[in-house]
Number of protein chains: 2
Amino acid sequence: MTEQDLKSLNQPGAPERLLDAAVALFTRKGYHATSVREICETAGVTKPVLYYHYRNKEGVFQAMMGLAVAAHREVLAQVRAADGSAADRILLLCERVMALVLEHPDIVRVIDSVYYGPREGSPALDFESLYGEFDGFLSELVQEGVRRGEFRGDDVEATHLALLGAFLICKASLHINPATAHGCHERPMGLGDLRRVIGTVLDGVRAARAGGKEEQR
Amino acid sequence: MTEQDLKSLNQPGAPERLLDAAVALFTRKGYHATSVREICETAGVTKPVLYYHYRNKEGVFQAMMGLAVAAHREVLAQVRAADGSAADRILLLCERVMALVLEHPDIVRVIDSVYYGPREGSPALDFESLYGEFDGFLSELVQEGVRRGEFRGDDVEATHLALLGAFLICKASLHINPATAHGCHERPMGLGDLRRVIGTVLDGVRAARAGGKEEQR
DNA sequence: GTCTATACAATGATAGAC
DNA sequence: GTCTATCATTGTATAGAC
């Protein structure tokens with residue numbers, strides 16, 4: 001191990017420190033309310049250092065997004081390679097993405113706050129690479145389940161949305177403010193909760209073995 | 001009709017114009033990024049007028065919240081007074097609240113952006129009076145359904161969360177950015193879509209008449 | 001209730017030396 | 001790559017006249 005490697009392990013360089021500082025501040029104060037000055041002070045560097053490594057404040061945000069998109073893509077690829085029933089794979093997809101979310105709650109909070117935030121003045125967000133790919137894959141899996149006769153096929157879109165909602169409600173628990181926790185979101189949700197909620201929805205769309213509606217195929 | 005009434009109908013006073021301008025700007029640019037200067041210019045008044053009628057920028061936001069909470073409370077009271085099966089009342093609750101949401105998309109967008117936004121620097125938000133009361137009522141209705149034998153009672157919390165998720169995913173379509181629409185959210189959802197998604201979840205938790213698990217009662 | 005005028009801190013960003 | 005010094009701009013908020 002060279003001296004260079006050792007240094008980069010124990011003492012992250014300015015770019016890494018800037019990115020960490022930015023994520024922490026974006027989470028706490030939001031993208032707009034976080035000033036370049038604060039990011040630099042937290043990272044222990046001066047402003048021109050930020051403008052040198054990243055183009056500007058949005059550059060820091062986009063660097064963070066790049067990491068998130070890459071990690072998300074990797075998870076999707078893993079699930080695509082897995083086999084099993086449609087229900088198994090839907091559960092696997094949701095679990096894996098949720099695990100990623102729970103691993104990086106700050107980054108997800110920042111991304112969500114931009115997603116649900118205003119359009120003007122916010123950094124560009126590569127929706128398609130995040131929610132879009134997840135959505136699309138989930139939709140494919142539902143259709144596959146219908147083709148295989150696993151699921152009822154009377155309203156594929158509603159099934160897709162109900163599953164997405166189940167995932168969303170668990171992810172939303174990341175945004176709980178402990179000071180004002182309420183109702184269903186008195187505690188953050190874990191993977192176990194996700195499994196139960198997804199399972200409840202899947203139970204409803206499973207093709208009944210005896211009786212019940214049956215269609216196409 | 002007095003001259004005063006006529007005036008207030010055709011030419012809303014400074015407070016109303018300020019509130020309308022603020023909601024529009026908060027929606028487009030976000031709470032933090034909207035300046036007092038802009039609100040006043042849009043409303044056609046000068047800054048001291050805003051500081052006179054509302055205490056400051058947050059005062060304008062809280063005035064908007066007050067209207068939203070009042071309207072929401074009224075809807076909940078109407079549904080509480082209604083009768084029917086638990087499933088009927090759950091559907092009614094979701095439909096009525098969704099109708100309110102669709103009536104005031106801008107206000108909901110602003111509230112959501114604060115809910116999902118950062119904690120520091122954001123205006124205080126009376127969660128309990130909005131999501132909290134809705135959550136609590138929905139939970140009561142699910143429990144009522146189990147007591148009556150309408151629903152399976154093996155996982156009341158998961159049922160509650162699945163229903164909440166179904167509502168959430170429909171509401172989330174308000175945040176679609178037409179420029180970057182993706183997957184399931186290519187079009188905004190309407191009341192018909194909500195009914196289908198809620199219906200799909202309800203189908204899954206309904207106590208089977210013949211076969212299937214049956215419990216407590 | 002509404003105005004003009006202003007105080008004063010903080011912002012994103014850069015020039016130019018080292 | 002990193003620094004010091006500085007820029008123009010915008011932010012919230014108020015004093016005091018009418």
Side-chain angles (χ1 to χ4, degrees), chain A residues 3-5 7-8 10-26 28-64 110 114 117-118 120-124, chain B residues 2-8 10-64 110 113-114 117-118 120-124:
Chain A
E3 199 164 337
Q4 178 62 33
D5 288 338
K7 183 183 169 194
S8 67
N10 296 333
Q11 297 180 347
E16 292 79 14
R17 290 207 312 279
L18 279 166
L19 217 150
D20 287 348
V23 171
L25 287 166
F26 289 163
R28 264 181 38 216
K29 317 187 48 165
Y31 175 79
H32 193 94
T34 298
S35 70
V36 171
R37 196 188 308 266
E38 281 172 308
I39 298 175
C40 295
E41 277 171 8
T42 306
V45 301
T46 53
K47 281 191 284 180
V49 178
L50 183 148
Y51 286 98
Y52 176 82
H53 288 286
Y54 305 94
R55 229 173 64 91
N56 49 25
K57 190 165 84 163
E58 173 150 359
V60 183
F61 178 86
Q62 296 301 347
M64 181 202 76
V110 173
V114 172
E120 290 178 23
S122 294
Chain B
T2 69
E3 200 165 335
Q4 178 62 32
D5 289 337
L6 202 65
K7 183 183 171 196
S8 67
N10 296 333
Q11 297 180 346
E16 291 80 14
R17 290 208 312 278
L18 280 166
L19 216 149
D20 287 347
V23 170
L25 287 165
F26 289 163
T27 305
R28 265 183 35 217
K29 320 187 48 165
Y31 175 80
H32 194 95
T34 297
S35 70
V36 171
R37 198 190 307 266
E38 282 172 308
I39 299 174
C40 295
E41 277 171 8
T42 306
V45 301
T46 54
K47 283 186 279 181
V49 177
L50 182 148
Y51 286 98
Y52 175 82
H53 288 285
Y54 304 94
R55 230 174 63 91
N56 49 25
K57 190 165 83 165
E58 173 150 0
V60 183
F61 178 87
Q62 296 302 346
M64 181 201 74
V110 173
S113 75
V114 171
E120 289 178 25
S122 294

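Values in this document were obtained by computation on a predicted structure and should not be read as measured data. Residue numbers start from 1 in every chain, and the chains themselves are labelled A, B, ... in the order their sequence lines are given, proteins ahead of strands.
- Summarising the geometry, atom CG belonging to B:Leu18 is positioned 14.5 Å from atom CE belonging to B:Met64; distances are rounded to the nearest 0.5 Å.
- Taking atom CD of A:Glu41 as the reference point, atom P of C:dG12 lies 12 Å away to the nearest angstrom.
- Between B:Val23 and B:Thr27, the shortest heavy-atom contact is O-OG1, 2.7 Å.
- As rounded to whole Å, 13 Å separates atom P of D:dG1 from atom CG of A:Leu18.
- One can place CD of B:Glu16 at 14 Å from C1' of C:dG1, the figure rounded to the nearest angstrom.
- Using a 4.0 Å cut-off on heavy atoms, none of the residues of residues 21-31 of chain B approach DNA chain D.
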Please list, pair by pair, any protein nitrogen or oxygen found under 3.5 Å from a nitrogen or oxygen in nucleotides 9-16 of chain D.
| from | atom 1 | to | atom 2 | distance (Å) |
| --- | --- | --- | --- | --- |
| D:dG11 | N7 | B:Arg37 | NH2 | 3.0 |
| D:dT12 | OP1 | B:Val36 | N | 3.4 |
| D:dT12 | OP1 | B:Lys57 | NZ | 3.4 |
| D:dT12 | OP2 | B:Val36 | N | 2.9 |
| D:dA13 | OP2 | B:Tyr51 | OH | 3.3 |
| D:dA13 | N6 | B:Lys47 | NZ | 2.5 |

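- Taking each heavy atom of A:Gly30 and A:Thr34 in turn, the nearest pair found is O-OG1, 2.7 Å.
- Residues in residues 26-38 of chain B take part in these salt bridge (charged side-chain N to carboxylate O under 4.0 Å, His left out) pairs, two or more places apart or across chains: A:Glu120-B:Arg28, B:Lys29-B:Glu38.
- The CG-C1' distance, from B:Leu50 to C:dG1, rounds to 13 Å in whole Å.
- Residues passing the side chain to side chain contact (heavy atoms under 4.5 Å, CB included) test with B:Ser122, sequence neighbours excluded: B:Val114, B:Pro118.
- Among pairs with a residue in residues 38-63 of chain A, those fulfilling ring pair (Phe, Tyr, Trp, His ring centres under 6.0 Å) read A:Tyr31-A:Phe61, at least two apart in sequence or across chains.
- Listed by first and then second residue, the salt bridge (charged side-chain N to carboxylate O under 4.0 Å, His left out) pairs involving residues 41-62 of chain B amount to none (not counting sequence neighbours).
- Taking only side-chain nitrogens and oxygens, B:Thr46 never comes nearer than 4.0 Å to OP1 or OP2 of C:dT2.
- With sequence neighbours left out, B:Ala21 forms a side chain to side chain contact (heavy atoms under 4.5 Å, CB included) with B:Ile39, B:Thr42, B:Ala43.
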